[in-house]
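For reference, the structure discussed in these notes is given below.
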Amino acid sequence: MKKYLILFIMLLGACSVFEQEEPAKTEHISAHPQTMATLYNHYAAEYRALAYQAFNMASDRVDRIKEERPDATKLGIVVDIDETLLDNSPHQALMIAKDSSYPYMWNEWCNMAAAKPVPGALAFLQYADKNGFHIFYVSNRKDKYTRLGTMKNLAGMGFPQLGENNILLRLERSDKNPHPSDKQARRDAITAGGYEIVLLIGDNLGDFYSDAEQCDERTKQVDAFMKEFGSRFIILPNAMYGNWPASIGISNESSMDSLLLEMTKIFE
């Protein structure tokens, strides 16, 4: 009962920002496959602790790099935005309440500039800025629709280094940009500008390298980069969305049931 009360209060808060919308559909909420993940990201103290842990590790890396390379001047830090710097769980709650999915109200949410910082994110980037690191915000928010709202949100929360060249959002697909959601081209553009990327922070494997599509290949990539995690790569938890559901074949409730039952075969 307490869980449902918390979720109801959370959904009321999320839906109040879209007064033109119909009231939330509550009959499916407790059974929705993303309900627990959304509650966890928004309310769990354990999630907050993991976020602090990630940014504490990032601060330690800044100190170590500064100590080892005191004269370096073009050291870059690449950070994702969503679920790395900004908490979008209210929008996730809205999609659950409306029994909808991305991109439902996503651009509108971004342009409200109402997302709060992920715990520890703001203090870390202010610390990195103070220590002379160059910060690049590399996000798959669509530049065409959300740039102004994104910059307003980041600026309103006090994030540093928000110049046009520091915020690299997703551009439209074209012959020169055939894979717009792959961030590698944007990271390459940073290094082509003479910057050395010494730290990458995100919640999805694509925030660090070109992410494979299949689960087995993704696992192999992670194993290959094992020593980078906690060093050059800092990853935050996000069970709400990302590349991982599609990589294991999740498309609906039925596919989730099949995967879960497959896990129980060890007991047969």
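The structure presented is a predicted model; accordingly, all values stated were derived computationally and were not measured. In what follows, residues are counted from 1 in the order of the sequence shown.
- Under a hydrophobic clustering in which Ile, Leu, Val, Met, Phe, Trp and Tyr are joined whenever their side-chain heavy atoms come within less than 4.5 Å, directly or via other members, L236 and Y241 fall into different clusters.
- Within a 6.0 Å radius of NZ in K144, no more than 12 heavy atoms belonging to other residues, nucleotides or ligands are found.
- Under the side-chain contact (heavy atoms from CB on, under 4.5 Å) criterion, S231 pairs with R61, not counting sequence neighbours.
- At least one side-chain heavy atom of K116 sits less than 4.5 Å from a side-chain heavy atom of M157.
- How far NZ of K130 is from CG of L125: 14.5 Å, rounded to the nearest 0.5 Å.
- Listed by first and then second residue, the side chain to side chain donor-acceptor pair (under 3.5 Å) pairs that reach into residues 167-182 are D182-S210, sequence neighbours excluded.
- M240 and I96 are assigned to two separate hydrophobic clusters, defined by single-linkage of ILVMFWY side chains at heavy-atom distances under 4.5 Å.
- When the shell of 6.0 Å around CG of D223 is examined, it contains more than 12 heavy atoms from other residues, nucleotides or ligands.
- Grouped with F233 in one hydrophobic cluster are V78, F136, V138, L168, I190, Y195, I197, L200, L205, F208, Y209, V222, F225, F229, I235, the linkage being side-chain heavy-atom contacts under 4.5 Å among Ile, Leu, Val, Met, Phe, Trp and Tyr residues.
- No donor-acceptor pair under 3.5 Å is formed between the side chain of K142 and the backbone N or O of N107.
- In this structure, CD1 in I77 is found 10.0 Å from NE2 in H134, a value given to the nearest 0.5 Å.
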Run the numbers on T150 and R141 for side-chain hydrogen bond (donor to acceptor under 3.5 Å, both in side chains), then give the verdict.
-> CA-CA 8 Å; T150 298; R141 290 186 173 203; 2.9 Å; yes
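- The nearest pair of heavy atoms linking H42 to S89 is ND1-OG, 2.7 Å.
- Rounded to the nearest 0.5 angstrom, F133 CZ and E196 CD are separated by 10.0 Å.
- Distance alone, capped at 3.5 Å, places no donor-acceptor pair between the Q221 side chain and the D211 backbone.
- Nearest heavy-atom pair, I201 versus A58, reported as atom, atom and distance to 0.1 Å: CD1-CB, 4.0 Å.
- Using a distance-only test at 3.5 Å, with no hydrogens or angles considered, no donor-acceptor pair links the side chain of N41 to the main chain of T38.
- The neighbour count for K152 NZ, taken as heavy atoms of other residues, nucleotides or ligands under 6.0 Å away, does not exceed 12.
- Within the 4.5 Å cutoff, side-chain heavy atoms of L154 are placed close to those of L86.
- Both L162 and L85 sit in one connected hydrophobic cluster of ILVMFWY residues. Membership requires side-chain heavy atoms under 4.5 Å apart, directly or through other members.
- When only modelled atom types and interatomic distance are considered, Q184 and R187 share a side-chain donor-acceptor pair under 3.5 Å.
- For the residue pair S139 and I81, the shortest heavy atom distance occurs at CB-CD1, 3.6 Å.
- Grouping the Ile, Leu, Val, Met, Phe, Trp and Tyr side chains by contacts below 4.5 angstrom, directly or via other members, places W109 apart from M151.
- A 6.0 Å sphere centred on CG of D60 holds more than 12 heavy atoms belonging to other residues, nucleotides or ligands.
- How far CG of N166 is from CD of Q161: 5.5 Å, rounded to the nearest 0.5 Å.
- Contact between M95 and S101 at its shortest, heavy atoms only, is SD-C, 3.4 Å.
- Note on M256 and I248: same hydrophobic cluster, where clusters join Ile, Leu, Val, Met, Phe, Trp and Tyr whose side-chain heavy atoms are under 4.5 Å apart, directly or indirectly.
- Inter-residue side-chain proximity for F159 and I135 is flagged as unmet; no heavy-atom pair is nearer than 4.5 Å.
- W244 and N238 make their closest contact through NE1-O, 3.7 Å (heavy atoms, listed as atom of the first residue, atom of the second, distance).
- Between the side chain of T35 and the backbone N or O of A31, no donor-acceptor pair lies under 3.5 Å.
- Pairing each heavy atom of P237 with each of Y47, the nearest pair is O-CE1, 3.5 Å.
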